[in-house]
Amino acid sequence: MAKRKESAGNSARRKKSTNKYSRRSGSNKLGTLCIILQTIASIALMAALYLLGMIPDKYLILVAAILFFLWCVTLNSQVARRKRGTLGKVFSLLMAVVMFTGSYYVAQANNMIGKITGSNYKVDKMVVAVRADDSAETIEDAADYTYGVQFEKGAGNIQTAVTDIEKQIGVDTIEVKEYDSVQTQAQALIDGDCDAIIYNSAYTSLMEEAVDGYSDKVKVLYTFNIRVELDFGNSTGATDDSIIKEPFTVYISGIDVYGDVSETSRSDVNIIAVVNPQTHQILLVTTPRDYYVPIPGVSGGQRDKLTHAGIYGIDASMKTLGELYETDINYYARLNFTSLIDIVDTLGGIDVYSEFAFTTSKDSEYTMDVQEGYNHFNGKEALAFCRERHNLPDGDNQRGKNQQAVITAMLKKCLSPTMLLKANAIMEQVSKDVETNMSQEQINALIKYQLNNNATWTIQSIAAEGTNTTGTCYSSGDTELFIMEPIESSVQNIIDLVNVVEEGGILTEGEKLN
């Protein structure tokens with residue numbers, strides 16, 4: 001009897017020992033799994049940071065050391081644990097989640113930069129317009145119409161659009177009537193000399209200058225986008241390494257439309273940023289939209305408004321400014337009204353210095369009072385400040401200076417260390433609203449250079465001066481338009497300042513800056 005009790009007791013102890021071993025074995029397996037997950041997550045994060053290409057080596061080494069320390073904490077919690085090491089497992093899983101999430105956002109940032117870079121094309125939006133009271137609602141309704149065309153500007157695009165319309169309607173040939181300019185083409189439609197016209201929507205401003213109230217008198221039946229490669233000549237081509245060693249120039253173009261930033265349009269904002277990464281200097285040069293200059297490769301030496309150069313593509317604007325200031329413009333950054341509003345709001349607003357107190361025009365999209373000195377603007381306020389010229393003492397000249405003030409405020413906000421917390425949101429917004437022909441590797445190199453040196457940049461501004469008058473322009477035919485005749489001494493002063501920055505000199509208070 002006693003032996004049976006002893007046997008039963010031994011059996012219970014063996015069973016208890018087996019269960020304890022089973023639980024310990026299970027705990028060991030879970031601990032091993034946690035360590036493996038944390039190891040994979042650490043490697044994934046390091047790989048993502050390395051592939052991003054913008055983190056300096058010293059920071060990569062620091063991050064690697066921190067990740068290794070955290071891994072050792074987890075390992076120690078499992079090897080030298082007390083009881084089941086539950087706290088160590090929770091810590092390890094939490095670290096793995098954090099690092100996998102970090103890897104995802106780093107990869108997203110890399111993808112966002114890729115979206116805005118390497119843009120070497122423009123989008124020409126071809127339209128078919130009829131009179132506003134025309135009964136046609138679709139392009140098929142206009143199958144038997146006579147279409148007004150002109151081949152003086154953008155003949156290739158016009159022919160491509162005609163072919164597409166024929167395909168859409170399902171006919172071999174549409175009836176066309178040729179005119180000598182977009183202005184006469186617009187007037188012919190209003191006068192009933194043709195039933196519809198085909199043109200590049202970028203020329204709408206020229207038509208509005210020639211035909212009073214043109215946009216209200218017509219309606220668009222059909223649109224067709226044509227992607228056209230840009231021609232930068234030999235002005236681009238800096239290597240990823242040279243961009244942090246040699247001076248370069250960026251054309252900042254603000255086009256006067258909402259929506260797609262790739263769409264060809266007039267450029268209301270024309271700023272070139274001359275950057276010397278070795279002396280940490282940026283010279284912002286603003287040129288008024290109505291500056292009266294020739295458009296190289298387009299106007300045959302005849303002068304035109306600078307804003308009209310944008311109609312022929314951003315490459316035409318770059319060549320125009322490059323010739324004016326005797327420098328190569330290597331890159332461009334292009335944004336529109338929507339871009340400015342969204343980016344400023346993402347930054348949390350900007351503090352902009354205004355030289356004057358004024359109220360924006362009543363007919364502007366956003367009416368507000370601006371005080372002399374610093375103003376905190378949201379996106380819509382910043383746009384209204386940039387666009388105002390009627391209530392300023394020096395009109396378009398002062399508007400150019402105000403645009404510089406906004407660009408400067410945005411640059412300073414972006415270079416602030418506090419913006420690291422918003423880096424992902426900023427890059428996501430910029431990827432939607434800005435395009436540039438800089439490569440992703442070049443932008444990564446610039447960011448890496450700034451993070452590595454934590455340099456303080458000197459940003460100075462100057463605006464080209466001119467005299468208001470009227471004259472005929474290449475793009476407007478015989479119609480006289482408001483223009484700004486360049487003051488040669490102002491242009492020469494800008495050329496000299498650009499040379500100072502490019503040659504590594506330092507701009508001081510004694511320099512002639514506006």
Side-chain angles (χ1 to χ4, degrees), residues 150 152-153 179-188 190-191 199-200 202-217 253-257 264-271 285-312 316-317 319-321 323-325 358 360-364 386-403 462-494 514:
Q150 62 81 34
E152 180 188 9
K153 295 180 175 67
Y179 297 94
D180 59 3
S181 69
V182 292
Q183 290 87 352
T184 55
Q185 185 186 19
Q187 190 63 59
I190 301 303
D191 293 342
Y199 62 96
N200 188 330
Y203 301 149
T204 302
S205 60
L206 304 180
M207 296 172 162
E208 290 173 339
E209 290 168 351
V211 180
D212 187 41
Y214 170 78
S215 294
D216 295 327
K217 296 177 181 179
S253 171
I255 59 176
D256 62 347
V257 295
T264 304
S265 181
R266 296 180 305 179
S267 184
D268 262 12
V269 178
N270 299 280
I271 297 176
V285 179
T286 293
T287 310
R289 67 190 297 279
D290 295 319
Y291 231 46
Y292 198 45
V293 290
I295 306 175
V298 175
S299 67
Q302 184 178 349
R303 293 197 289 174
D304 201 341
K305 288 187 177 191
L306 173 61
T307 187
H308 287 165
I311 294 173
Y312 308 104
S317 296
K319 291 173 183 176
T320 300
L321 290 170
E323 184 172 285
L324 178 65
Y325 298 124
F358 62 92
T360 55
S361 305
K362 292 182 179 179
D363 59 349
S364 65
C386 280
R387 299 193 70 192
E388 181 58 44
R389 63 173 171 167
H390 298 294
N391 292 343
L392 294 172
D394 199 15
D396 204 43
N397 281 327
Q398 187 59 43
R399 177 167 69 167
K401 296 177 183 178
N402 289 350
Q403 291 167 353
I462 187 169
E465 299 175 347
T467 305
N468 295 332
T469 183
T470 58
T472 57
C473 299
Y474 165 76
S475 300
S476 59
D478 297 330
T479 304
E480 288 216 343
L481 302 177
F482 174 87
I483 60 171
M484 182 176 288
E485 187 73 45
I487 296 176
E488 291 303 320
S489 60
S490 173
V491 174
Q492 185 58 52
N493 180 50
I494 292 173
N514 286 0

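Values below: every heavy atom of this structure, side chains too, minus hydrogens, waters and symmetry copies.
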Nearest 0.5 Å please: distance from the CZ atom of Phe482 over to the CG atom of Asn468. 3.5 Å

Looking at every non-hydrogen atom in both residues, tell me the closest pair between Pro288 and Met484 and how far apart they are. CG-SD, 3.5 Å

Closer than 4.0 angstrom, basic N to acidic O: yes or no for Arg389 and Asp268? no

Once side-chain contact (heavy atoms from CB on, under 4.5 Å) is applied, do any residues pair with Gln398, and if so which ones, sequence neighbours excluded? Glu355, Phe356, Leu392, Asp394, Lys401, Asn402

Min side-chain heavy-atom separation Thr469-Ile483 under 4.5 Å: yes

Would a 4.5 Å heavy-atom cut-off, applied to side chains only, mark Glu209 and Leu481 as touching? yes

Decide yes or no for Lys319 and Glu323: does some side-chain heavy atom of the first lie under 4.5 Å from some side-chain heavy atom of the second? no

By side-chain contact (heavy atoms from CB on, under 4.5 Å), Ala210 pairs with (sequence neighbours left out) Gln183

Calculate, to the nearest 0.5 Å, the distance between atoms CG and CD1 belonging to Asn200 and Ile311 respectively. 8.5 Å

Let me confirm one number: the NE2-OG1 distance from His308 to Thr320, rounded to the nearest 0.5 Å. 12.5 Å

What pairs with Tyr325 under side chain to side chain donor-acceptor pair (under 3.5 Å), at least two apart in sequence or on another chain? Thr287

Would you call Lys153 and Tyr312 a side-chain contact if the rule is heavy atoms closer than 4.5 Å? yes

Side-chain donor/acceptor of Arg399 to backbone N/O of Arg387, under 3.5 Å: yes

Taking the side chain as C-beta and beyond, is there a heavy-atom pair between Ser205 and Thr307 under 4.5 Å? no

Can you check whether Tyr474 reaches Pro294 side chain to side chain, under 4.5 Å on heavy atoms? no

If you look at every heavy atom in Ala309 and Ala316, which pair is closest and at what distance? O-CB, 3.6 Å

Please report the closest heavy-atom contact between Val491 and Tyr291, naming both atoms and the distance. CG2-OH, 3.6 Å

I need the single residue from Thr286, Leu306, Val285 that forms a side-chain contact (heavy atoms from CB on, under 4.5 Å) with Asn270. Which is it? Leu306

If we only count heavy atoms from C-beta on, is the Pro393 to Phe358 side-chain gap below 4.5 Å? no

Taking side chain as C-beta onward, heavy atoms only, is Ser215 less than 4.5 Å from Glu208? yes

Between His390 and Glu388 the two heavy atoms that sit nearest each other are N-OE2, 3.0 Å

Could you list all the salt bridge (Lys or Arg N to Asp or Glu O under 4.0 Å) pairs where at least one residue sits in residues 468-491, not counting sequence neighbours? Arg303-Glu485

Holding to side-chain contact (heavy atoms from CB on, under 4.5 Å), I want the full list of residues that pass it with Asp180, two or more places apart in sequence or in another chain. Thr184

Of the non-hydrogen atoms in Asp304 and Cys473, which two are nearest, and what is the gap between them? OD1-CB, 3.1 Å

My understanding is that only residues two or more places apart in sequence, or in another chain, count here; which of them pass side-chain contact (heavy atoms from CB on, under 4.5 Å) with Val182? Gln150, Gln185, Tyr203, Leu206, Met207

Taking all non-hydrogen atoms of both residues into account, name the closest pair between Val211 and Ala186 and its distance. CG2-CB, 4.0 Å

